[in-house]
*Asks:* 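One structure coming up, written as structure tokens, with questions to follow.
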Amino acid sequence: MMLGLRRKLAMLCGKIAGVIVQKIGKGRGSVLPGHVARLIEPDILSYMVDRFQGRIVVTMGTNGKTTVNSMIYHALEEEGKKVIANRAGANMLNGVTAAFVQAAGRGGRFDADYACIEVDEFASTQILPRLKPDCVLLTNLFRDQIDRFGEIDTIRERIKAAISSVPKAVFVSNCDDFISYTLALECGNPVVTYGINEQIFDGISNSEVRESTFCRYCGGKLEYDFFHYGQLGIYHCPSCEWKRPVPDYTAEQIRFQETGYAFVIDGVPICSRASAPYSVYNTLSAYTALRVLEAPVGRFRETIEGFNYGNNREGTFTVNGARVQLHLVKNPVGFQQKISMIMKDPKPKDIMIQINDNFQDGTDISWLWDVDFLYLKDAAAASVTVMGIRRLDMALRLKYEDIACEPAEDIEKAVRKLSENGTGNLYMIVNYTGLFPANQMLRKLQEESKKKQKGKKGGSVK
Amino acid sequence: MKLTIGHLYPDMLNLYGDRGNIRCFQKRLEWRGIEAELKYFLSGEAVDFSGLDLVLLGGGSDREQELVCRYLKEEKQGFREYVESGGTMLAVCGGYQLLGKYYKTDRTMIEGLDILDIHTEWDARRLTGNIILQSPLSKAPVVGFENHGGRTYIGNHTPFGKVVYGYGNTEEAEWEGVVYKNVIASYLHGPLLPKNPEICDDLLRRALTHKYGEDISLSELSDQTEHRANQFMADRLMKERKHR
């Protein structure tokens, strides 16, 4: 009785906390409700999950987890399903708990068919045993935020412990990434794989620096027919004959069109609007998870073709008539992909790069030297501006590729100047803590220039 | 003039931007009109030290280091001769540890090259963060980033620098790295050389002098970008230290 009351109180207080933060405009209530509920009943998440009748899918991985989680969420909604999801980035225990607290109805009941939950790899050992998901999708494993996580092997062990703790969950694994795929095999969970058989990506997206490619079974050196990017590719071990399996799901006839990658999954042609090579993997992994969940996929094509890749994070803005594209980079593999994307745009452009070293960015920025910036020389860049706390390090990195750049302290001023006097085609690349402020600032400038535009039109009528 | 640079095992020892050190060697030679040839030795390939003037041994994860150790056994003799005869080398993090007698981790004992009379012991608490050294090899402070679980005990060896901010060889040591003959061994990533051009030039000078048998002075470069990036970190960290 007491326990029952406490649980209800925990959920209620969590909900109230959510309402309050939203009312006073201090946030979206994506984490605090979970925090408050767990103060009252630390294991409230397990209780809510037990009462949740639908199926649960977890998405993890270094790159792409927010996008993939959002794709699965939208695909299910498109099919008319009721879906719970945590907010982008609210992927630690409190954030996941908050998603369930916020979705709980009267008497702690849930009216939903699915829960799509993005989980931070480091927090996975706390979250997965409580969440008992039906399906766990691991997008890939690259080095990221390394000073927080230690080496990639450490994080891999952590994920392994987390997924092994839920042995019934189907592990959806990218089999082109031998690091994730061997992990999937080691966990002992049922495994469903996805991968790309065709050689489609250009050399630019493929940095020289990758995780070491050694067979995890015999220590021999893996041989690759070709790399997709990072350590992803078609590999086999010549010493022990272990090799990449034939994937259960694949994307075929992949080609780059003007607006983005087009490809065919399970016989269905899809023209995505995403132009970074990894977006093909994102779509394919989301599709695989849906099939594992036995969810309807009849409208998957529509979902992807209309998908907003913004996630409220990246996006395209119009400032003073200039197109400004905001992109997030968190690690060398991601940055290399963005460079490849920029190279696909033949028009003259101005490039801005902001590098911070706050805790969430990772305080070690040495990874900038693992990015091959030399390609930017041929990117038709009229100017390169470096910004952020570590702009001088970024300037130094570019100096060692003989690329000239201009440091700027005031980012807004720099955007204003470039949008007025530049090429009209602006790429702004930021790392984690730069993203939210940049997004806010670009929205503001976009609004301002819209007003200016209206003012001018009004004037001409007179 | 020309230097041949050997990058050892870049397929395994390539953590945290350490190849930036290679870039730094290359460009600072190129800007001075000195030819730089780069040779990669992948793990498993035999290293011909006789053709090398400058060597980078980078860092890898503990697991990778264990693997590298297998290959290194074959190279022990060549390695030792290279160092003892005055060959120039930069060894970073894992590479630094490998030059010693052994590295004892929580799971295993990794045998080193036994070139330096040092040893390393693993501890669960990683020593991570920005670091500043004062080194006789550089007028400017040496700035970098350290990220290591190993504690290295250097015995009677000469350290690379005195720790002004951060940890160094161990929490208590107050010293960082080792300088032995023409070898600099250090935990500093960053990567080490781009923001510390004096250290880079010191290594280049050693390598040229060793190769051409006379004292070679390098022409000045305009290092404004380097100095600004260095000074920014040095100032910021010293300010933090005062507030502690």
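Computed over heavy atoms, backbone and side chain alike; hydrogens, waters and symmetry mates excluded.
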*Asks:* Does anything in residues 218-239 of chain A pair up under salt bridge (Lys or Arg N to Asp or Glu O under 4.0 Å), and if so which pairs, sequence neighbours excluded?
*Replies:* A:Lys221-B:Asp11
*Asks:* Do B:Phe41 and B:Tyr9 make the cut of ring centroids closer than 6.0 angstrom?
*Replies:*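 Ring centres of B:Tyr9 and B:Phe41 not closer than 6.0 Å.
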*Asks:* Does B:Cys69 have any side-chain contact (heavy atoms from CB on, under 4.5 Å) partners at least two apart in sequence or in another chain, and if so, which?
*Replies:* B:Ile110, B:Glu111
*Asks:* Hey, what do you get for CG (B:Leu113) to CG (B:Leu72), rounding to the nearest 0.5 Å?
*Replies:*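 The distance works out to 5.0 Å.
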*Asks:* Is there any residue in residues 192-208 of chain B with a non-hydrogen atom under 4.5 Å from a non-hydrogen atom of chain A, and which ones are they?
*Replies:*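 From residues 192-208 of chain B, the residues near chain A are B:Pro194, B:Lys195.
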*Asks:* Under 4.5 Å heavy-atom distance to chain B, tell me which part of A:Arg391 shows up: side chain, backbone, both or neither.
*Replies:* neither
*Asks:* Side chain, backbone, both or neither: which part of A:Leu368 has a non-hydrogen atom closer than 4.5 Å to chain B?
*Replies:*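 Nothing of A:Leu368, per the 4.5 Å heavy-atom cut-off to chain B.
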*Asks:* Output the option from B:Arg236, B:Arg228, B:Glu226, B:His189 having the highest count of non-hydrogen pairs under 4.5 Å with chain A.
*Replies:*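 Looking at each option in turn, the highest pair count goes to B:Glu226.
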*Asks:* Which atoms of B:Gln26 come close to chain A, meaning under 4.5 Å heavy atom to heavy atom: side chain ones, backbone ones, both, or neither?
*Replies:*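 It is neither, since no heavy atom gets under 4.5 Å.
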*Asks:* Using only heavy-atom distances, determine whether the side chains of A:Tyr181 and A:Glu186 contain a donor-acceptor pair under 3.5 Å.
*Replies:* no
*Asks:* I'd like to know if A:Asp361 and A:Arg390 make a salt bridge, using a cut-off of under 4.0 Å between side-chain N and carboxylate O.
*Replies:*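 No, no charged N to carboxylate O under 4.0 Å.
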*Asks:* What residues, two or more places apart in sequence or in another chain, satisfy ring pair (Phe, Tyr, Trp, His ring centres under 6.0 Å) together with A:His327?
*Replies:* none
